[in-house]
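Numbering starts at 1 and runs along the sequence shown.
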Amino acid sequence: MKRPARFRALFALAVMAVSLYITVTVPVRLGLDLRGGTQIVLETRSTATAKADGEATDRTLEVLRGRVDALGVAEPTIVRSGENRIIVELPGVQDPRKAADVLGRTAQLSVHAVLGAATESTEPEAKDERILADEAGERLRLSAASLTGKDVEGADAQFDQQSGAGWHVTVDFKDDKGWAKLTGEAACNPAGDPKRRIAIVLDNKIISSPQVDPSVSCGVGIAGGSTQITGSFSSDEARELALLVEGGALPVPVETVEQRTVGPTLGAEAIKSSAYAAALGTALTALFIIVVYRLMGFLATVALACYGVISYAALAGLGATLTLPGLAGFVLAIGMAVDANVLVFERAREEYGKRNRPSGRSALTAGFKGAFSAIADSNITTLIAAGLLFLLASGPVKGFGVTLAIGVIASVISALVITRVLAEFAVERRWVHRRPQITGLASIGRVREYLTRRNPQLMRRPRRWLLVSLVVLLVTGAGIVVRGLNFGVEFTGGRLIEYTTTKTVDPDRAREALADAGFPQAVVQSSGDNGLTVRTEELSNAEAVKVAEAIDQVGGGAEKVRDELIGPSLGDELRRNALIALGLALGAQLLYLAFRFRWMFGTSAVATLAHDVVILTGIFAWLGKPIDGVFLAALLTVIGYSVNDSVVVFDRVRELWTKDRKAPLAQSTNLAILQTVPRTVNTGIGVIFILAALALLGGDSLTDFALALLIGMLVGTYSSVLTASPLAIELDAYSRGGKGGRGRDRERAGSGRGKSGAGERSSRAEAAGKGV
């Protein structure tokens, strides 16, 4: 074994050993959409006296951490996101009302001396005075705050068993002098006078206004710095109040801008269905490549299994969260690993047929060398899309970007290292060398054989393909204008709640029930067999309860399985970021392709990407499918796939031009297309297996995702060959002198009219016999 091969083998063994160790010892962290629970995104807001900067957000996070810990949730997560956002994940919490109320309340606790009674017409006499109603509704005039939440040392909910007065909250102050002074001044007023009372205010509301006991002397007050907040508290209300008081005031107010709740049943079903989809899609893909490439296909299947282990270990080792779209990306990256293997094997088949004394080892070496640039370029462009998802997206879509990036890197390792180590070891065996047909590399395949025999001139009239693409673009794009885009709640703001009902409910009936309940603008759609999704404008948690009651009544019982609340500001931001991500993706692709290829190739590829984006979006508009974060993930993945196909064709064009710089672009492009079609067909079939499994078995949550990818893959495969290539030919002809250049290229690439026609036909036939 030569030194490079030995190094690859050792590297593959090391990667697999580390991956297996991590897989066995480190569990992967599941997102809330897979294990169930609630995610709340809070945004800090500036006030007249405090700015919601990073420092204030950090202080707010620590206060919220204490509140979350006191809620008793197992394995909660609370992290800062950006300058002024805090993400709170509460596994197992299905009712977000209590959590959102506790986390979102500012808990501005203050203690005031009562200056006297007030009427409706009474105005504050000083700047810091307040007029608030007490527990009984009596209006009181309060002085400036003497104590605040910062002065609180602790609070505890207790039940008075001796007097039977019920639950109360005991509050201990850090400095007993301040409390003694306040109560001592109040004790100087006669019993029954409002001035003898102390008002305890929480969030600008009097929660308790006890009168100082007659036993307390004037000027002396209550020593010890402790008091009791009494009232008609239930046990839960007393504990919640104690939690808020002890947790202290938030430095700045917070607002809930996003709230997601997923039932554990939906999460379990998503894992189960995605696992089935992964198993079936991988099995069918593996069977297909084994049938096509025989021994090499079997070894590629082993490498695919290694890819799965490496990807899982990378997720677990990096502490990344596996979300539902991320799980789909994990499965989808299998197709990219297949693509790399197919590229190598097809190049190896070409090399095998060119040699007078072929050998499996030399063909494989040439195959890996010839396919490396296409594999590298296509995977880099996909990583660009994944990086943009990670930087600009949020929530599950961001997780998809992380998983996709990990999958791309793992697919490169499995295809270029593990597959190569296994394949080179196999072809060096004597029994394999004696039976070259078993390798799957000794025959060119039926598709290539058919193309070699027919030798179609696809690029003879490139404008015809461009006309077909334009017609498809106009028809599908009209859906955006005629039907409009059905933006999901992520991009519009509002609330989306999904229920499972006991009996099947007609959406119109549910819509009428919601209108009677006070929600006439609610959009109701069927979801699955006994499912309903309700989309409305932004609702409070109390209003969401009314919606649930209405659905429960018409459905004979209803269970909430998903609840998403997106604030209007966040919806605008997500929509803006989606457009930025799309624009940057196209721009980044253009820059990279212009750097790696000629400008006309880069321009053609990016124009084709825009063409694919419009077509896919238009089809979803005609179908009335939602344009949401999952669609964005699918769209950027389609961009990656489309540019992959374009890169493979243009890489072969570049290679053919290097060998014959005098050949017209149309001739080289036509030959490049014929040489790369077998790879496109085989890769497409492998990906179709996976996407079809996702669409059929992935559940409702993955159906639209898989549908978008299926449509995008078909459109991208067509456009990368029959839109990008003709456009590059036209751009090249235009740069060479307009109509005259185009006419000369068509003449040389066509039926052979002109002086050198017969020679070129002979040269093309010879090239087709050797390389196609």
Side-chain angles (χ1 to χ4, degrees), residues 12 16 19-20 23-24 28 34 268-315 322 324-346 400 403-404 406-408 410-415 418-419 422-423 426 438-440 445-447 634 637 641 678-703 705-707 709-710 713-714 717:
M16 287 307 303
S19 299
L20 287 172
T23 300
V24 173
V28 71
L34 294 179
E269 290 178 354
I271 295 175
K272 184 178 179 180
S273 57
S274 298
Y276 281 150
L280 180 61
T282 304
L284 292 175
T285 302
L287 180 63
F288 172 72
I289 62 175
I290 289 174
V291 170
V292 175
Y293 297 109
R294 301 171 191 173
L295 178 60
M296 293 298 103
F298 172 77
L299 297 178
T301 302
V302 176
L304 284 180
C306 296
Y307 150 80
V309 174
I310 295 172
S311 298
Y312 182 92
L315 282 171
L322 182 60
L324 187 58
L327 191 59
F330 181 78
V331 176
L332 187 62
I334 297 174
M336 305 195 67
V338 173
D339 183 33
N341 285 312
V342 169
L343 274 171
V344 171
F345 295 155
E346 287 298 328
F400 173 83
T403 311
L404 182 61
I406 291 175
V408 169
S411 69
V412 171
I413 295 175
S414 68
I418 297 177
T419 300
L422 295 175
I438 200 175
T439 63
R446 294 182 179 180
V447 175
T637 306
Y641 262 113
R679 165 263 168 197
T680 303
V681 171
N682 291 340
T683 298
I685 293 176
V687 175
I688 285 176
F689 284 140
I690 297 171
L691 294 180
L694 279 176
L696 296 176
L697 301 177
D700 295 335
S701 51
L702 288 179
T703 300
F705 179 82
L707 177 64
L709 288 176
L710 274 171
M713 191 206 70
L714 294 175
T717 301

Run the numbers on Val292 and Ile685 for side chain to side chain contact (heavy atoms under 4.5 Å, CB included), then give the verdict. CA-CA 11 Å; Val292 175; Ile685 293 176; over 6 Å; no
Please examine the side chains of Ile289 and Met296, heavy atoms only from C-beta on, and report whether any two atoms are closer than 4.5 Å. no
Please tell me if the side chains of Leu304 and Val338 come closer than 4.5 Å, counting only heavy atoms from C-beta onward. yes
Pick from Leu284, Leu280, Leu287: which one makes a side-chain contact (heavy atoms from CB on, under 4.5 Å) with Phe689? Leu284
Could you check Val342, Val344, Asn341 and say which one makes a side-chain contact (heavy atoms from CB on, under 4.5 Å) with Tyr293? Val342
Nearest heavy-atom pair of [X] and [Y]: which atoms, and what distance?
X: Ala340; Y: Ala415; result: CB-CB, 3.5 Å
X: Ser311; Y: Ala410; result: OG-CB, 3.3 Å
X: Pro678; Y: Glu346; result: CB-OE1, 3.6 Å
X: Thr439; Y: Arg294; result: C-CB, 4.4 Å

Steps toward side chain to side chain contact (heavy atoms under 4.5 Å, CB included) verdict (Tyr307, Thr419): CA-CA 10 Å; Tyr307 150 80; Thr419 300; over 6 Å; no
Using modelled atom types and a 3.5 Å cut-off, is there a donor and acceptor pairing between side-chain atoms of Ser411 and backbone atoms of Val408? yes
Please determine whether the number of non-hydrogen atoms from other residues, nucleotides or ligands lying under 6.0 Å from atom CZ of Phe288 exceeds 12. yes
